[in-house]
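Computed from a predicted structure; not experimentally measured. FYI, side chains are in, hydrogens and waters are out, and symmetry mates aren't considered; it's all heavy atoms of this structure.
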Amino acid sequence: MNLFRRKSVTELQAEAETDTSLKRALGALNLTALGVGAIIGTGIFVLTGTVAAQNAGPAVVLSFIIAGVASIFAALCYSEFASLVPMAGSAYTYGYATLGELFAWIIGWDLILEYAVGAITVAIGWSGYVVSLLRSWGISIPAHLSAARGTELIDVPTALAAACKMRPGWVAFNTGLGEQLKAAGTDPATLAHVTAVFNLPAVIIIFLVTALLVIGIKESANFNNLIVMIKVAVVLLFIGGAIRAINPANWHPFIPPNTGPQHFGWPGIMAGAGVVFFAYIGFDAVSTAAQEAKNPQKDMPIGIIGSLLICTVLYIIVSAIATGVVPYQQLDVPDPIAEAADHAGMGSWMTTLIKLGAIAGLSSVILVMLLGQSRVFYSMARDGLLPPIVSKVHPRFHTPWITSIVTGLIVAIFSAIFTVREAGNLCSIGTLLAFVIVSVGVIVLRIEQPNLPRKFKTPWVWFVAPAGAISALVLMIALPWTTWRRLIVWFVIGIVVYFSYGVRNSKLARSSAAPGSTPVPK
C-alpha cells in the first residue's frame, strides 16, 4: 500500500486541457472579484470589532498587518501552483502532485472543514446585520431565533442603552456587559432574558446561496461581481464619512496592557492575527475555481495576488478608523462598522446603507466559500477518494449540484448553533494548515522538478515559501486549545474515512496496480 503515490504534474496539465465537465467562463476580472468577494466580508464587517474588544484593542491594526504579511507569502506560492496545475481542488490538488495521496487527503479533508466553517462564520455575521437592520425598521425577529443555540440574550431598554452608550434591544450577555449595566445602576437580573434556540436568518441565507450555486458558475460570478462593487463602494463611503470623526484619545493606549492569556498586549495581538486570518482566505478560494478559468496560467496569479493586495489595504484602514471613532470596548457587537458609523454621526441613512452593503457583501462571501467547498469535494470524488455521486455534474447547469446541496444542508445546520468566534477560529486553523502545506509543496516541486515550465514563479522562493510556512505555524500556535481539539477530532474522522474507503478506491492506486501498467511518474 503506497500512501504517498503522486499524480504527475504533466498528467494534471493534460487533464486540465481535456476535462470539459466544468465550464471555463471566468476571466481575470471575475477571478479578482471572486477573491475580493470572499476577502471583504466578515473580516471588516464583524471580526474587526470582536478582535478589538476581546484581544488587541486599537492594535487590531497590527493583527491585520501580521495576518496580511503571512497571507502574501502564501498567495505567491498559491499563484505558482494555480498557474502550473489549473485544476479544481486548490491545495488538495497541489498536495497530490508534490507530497502524495495521504497528504492530499489530509489537506482535502482540511479544506472541506475550512470552507464549510467559513460559510458558517459568515452566515452568522450576516444574520447579525439583518437582525439589526430589521430592528431599525421596526421589524423584530424573535430573539430566541436570532443567535447560536444556548446564547444568553438580554433586552436593554432605550434609556438604559443611551446611558451605557450602546444600542437598545436584545444583545448577547457577558460579564463585561453585566458590569457596565451595574455601573449604570441596573441589576441585569431585572431585565428580560432569553436563551437562543437557533439562528434562523443564517439558515435562510445558506439555502438561498446554495440554490444560486446549483444554477451555474457564470450566474454566480455575475451576481458576485455586482455585490463586490456594492460592498467596496460602501466601505469607501464609510472611510470617507467616518475618518473625520476619529478621536485620537481612543487609540491610547494603542496596545492595551496584557490582562491574561490572549487578552491584549502582544499575546492578544498574535491571537487576534490568528482570528482575523480567517478574513484573508478569499484568495485561497480563487484557486479552487482554476478549472473554470478561461486562461488560468495568466489570470489565476492576477486574481489571487490582486484581490489580496486590495483587501489588505482596506482592512488596515477600516480597523484603524473604527477603533479611532469608537472605544474598542464597545465594538463587541454583531455590526461594529454600523456602530462606528452611528458614533461618527453619519446619519441613519448612512448606517442603513452600511448595513445593506454588509448584508450584500457577506452574501457574496458565503457564495465563494460554498463554491470552494463543493469544488474540493468534486476533485476528491473525481480521484476516487470519495463516492462517485459526489462528483456528479448537473446535465443542464454543469455544476456539482449534489455536493452543493449536501454542503448547504450541513452548513445550514451548524450555522444555526455556532457562535461567530467559535466558527471563525476553526476556519482560521484550517486555512493556516493549508498554507503550510502549499508553501512546503512549492519547495518540494522546485527541488524535484526544477525544469517544469512555470508561467508564474514565486519570487525569492527560498525565502518566501519557508516564511509562509513558518508564519502560518506561528499563527496556528496562537489559537486556543479548544480550536486545536476540534481540528484533531475532525482529522481523526478523516483518517477513518480514508482508510475505510479512499485508500481502496483511489483511481491512482487502481491504475498503478493494473496488469501491465507502468509506475505512476513522480
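- The 12-atom threshold is not exceeded at CD1 of I243, counting heavy atoms of other residues, nucleotides or ligands nearer than 6.0 Å.
- Side-chain contact between F45 and I359 is absent, with no heavy-atom pair separated by less than 4.5 Å.
- Of all heavy-atom pairs spanning I366 and A119, the tightest one is CG1-O, 4.2 Å.
- Under the ring pair (Phe, Tyr, Trp, His ring centres under 6.0 Å) criterion, H193 pairs with F173, sequence neighbours left out.
- For the pair P157/L191, a side-chain contact is recorded, criterion being any heavy-atom separation below 4.5 Å from C-beta on.
- The shortest non-hydrogen separation linking V122 to L362 is CG1-O, 3.3 Å.
- Minimum heavy-atom separation, G408 to T210: CA-OG1, 3.4 Å.
- Expressed to the nearest 0.5 Å, how far OG1 of T32 lies from CD1 of I302 amounts to 7.0 Å.
- Of the inter-residue distances, the one linking T458 atom OG1 with Y78 atom OH reads 12.5 Å to the nearest 0.5 angstrom.
- Separation of atoms CD1 (I321) and OG1 (T48) is listed at 11.0 Å; rounding is to 0.5 Å.
- For G57 against P256, the heavy-atom pair with the smallest separation is CA-CG, 3.9 Å.
- Here the CD1-OH distance, from I112 to Y92, works out to 9.5 Å after rounding to the nearest 0.5 Å.
- The aromatic rings of W490 and W109 sit parallel, their planes meeting at an angle under 30°, below the 60° perpendicular limit.
- In this structure, M300 and S79 have side chains that are not in contact, with every pair of non-hydrogen atoms separated by 4.5 Å or more.
- Scanning both residues, Q329 and A53, for their nearest heavy atoms gives O-CB, 4.4 Å.
- Using a distance-only test at 3.5 Å, with no hydrogens or angles considered, a donor-acceptor pair links the side chain of T323 to the main chain of S319.
- G272 approaches V51 most closely through the heavy-atom pair CA-CG1, 3.6 Å.
- For the pairing with T407, the side-chain contact (heavy atoms from CB on, under 4.5 Å) check across I405, I410, V411 returns one residue only, V411.
- In this structure Y315 satisfies the ring pair (Phe, Tyr, Trp, His ring centres under 6.0 Å) test together with F64, Y280, sequence neighbours excluded.
- To the nearest 0.5 angstrom, C77 atom SG is 10.5 Å from I304 atom CD1.
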Q) Does the side chain to side chain contact (heavy atoms under 4.5 Å, CB included) test come out yes or no for I255 and L62, once each step is laid out? A) CA-CA 10 Å; I255 303 179; L62 298 181; 4.2 Å; yes
Q: Determine, step by step, whether V36 and C311 satisfy the side chain to side chain contact (heavy atoms under 4.5 Å, CB included) criterion, reporting the C-alpha distance in whole Å, the side-chain angles of both residues, the deciding distance to 0.1 Å, and the verdict.
A: CA-CA 7 Å; V36 174; C311 297; 4.1 Å; yes
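- In this structure the side chain of I239 reaches within 4.5 angstrom of the side chain of L314, judged on heavy atoms.
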Q: Go through I354 and V234 one step at a time and tell me if the side chain to side chain contact (heavy atoms under 4.5 Å, CB included) criterion holds.
A: CA-CA 6 Å; I354 287 174; V234 167; 4.0 Å; yes
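- Here the straight-line distance linking atom CG of L76 with atom CD1 of I72 works out to 7.5 Å at 0.5 Å rounding.
- S71 is not listed as a side-chain neighbour of T312, based on a closest heavy-atom distance of 4.5 Å or more.
- The shortest side-chain heavy-atom distance between L134 and W137 falls under the 4.5 Å cut-off.
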Let me have the donor-acceptor pairs involving side chains of residues 467-479, under 3.5 Å, with sequence neighbours excluded, atom names and distances please.
from	atom 1	to	atom 2	distance (Å)
S471	OG	A467	O	2.7
S471	OG	G468	O	3.1

Q: Could you walk me through whether I205 and S127 pass side chain to side chain contact (heavy atoms under 4.5 Å, CB included), step by step?
A: CA-CA 8 Å; I205 185 59; S127 173; over 6 Å; no
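- The closest donor-acceptor contact from the side chain of W266 to the backbone of N258 lies at 3.5 Å or more, if one exists at all.
- Residues V325 and N250 have side chains not in contact (no heavy-atom distance under 4.5 Å, counting atoms from C-beta outward).
- Looking at I337 and Y129, their side chains come closer than 4.5 Å, going by heavy atoms from C-beta outward.
- A donor-acceptor pair is defined here as one N or O able to donate and one able to accept, closer than 3.5 Å; no such pair exists between the side chain of S439 and the backbone of P466.
- The side-chain contact (heavy atoms from CB on, under 4.5 Å) test with V313 singles out one residue from I310, I317, L309, and that residue is I317.
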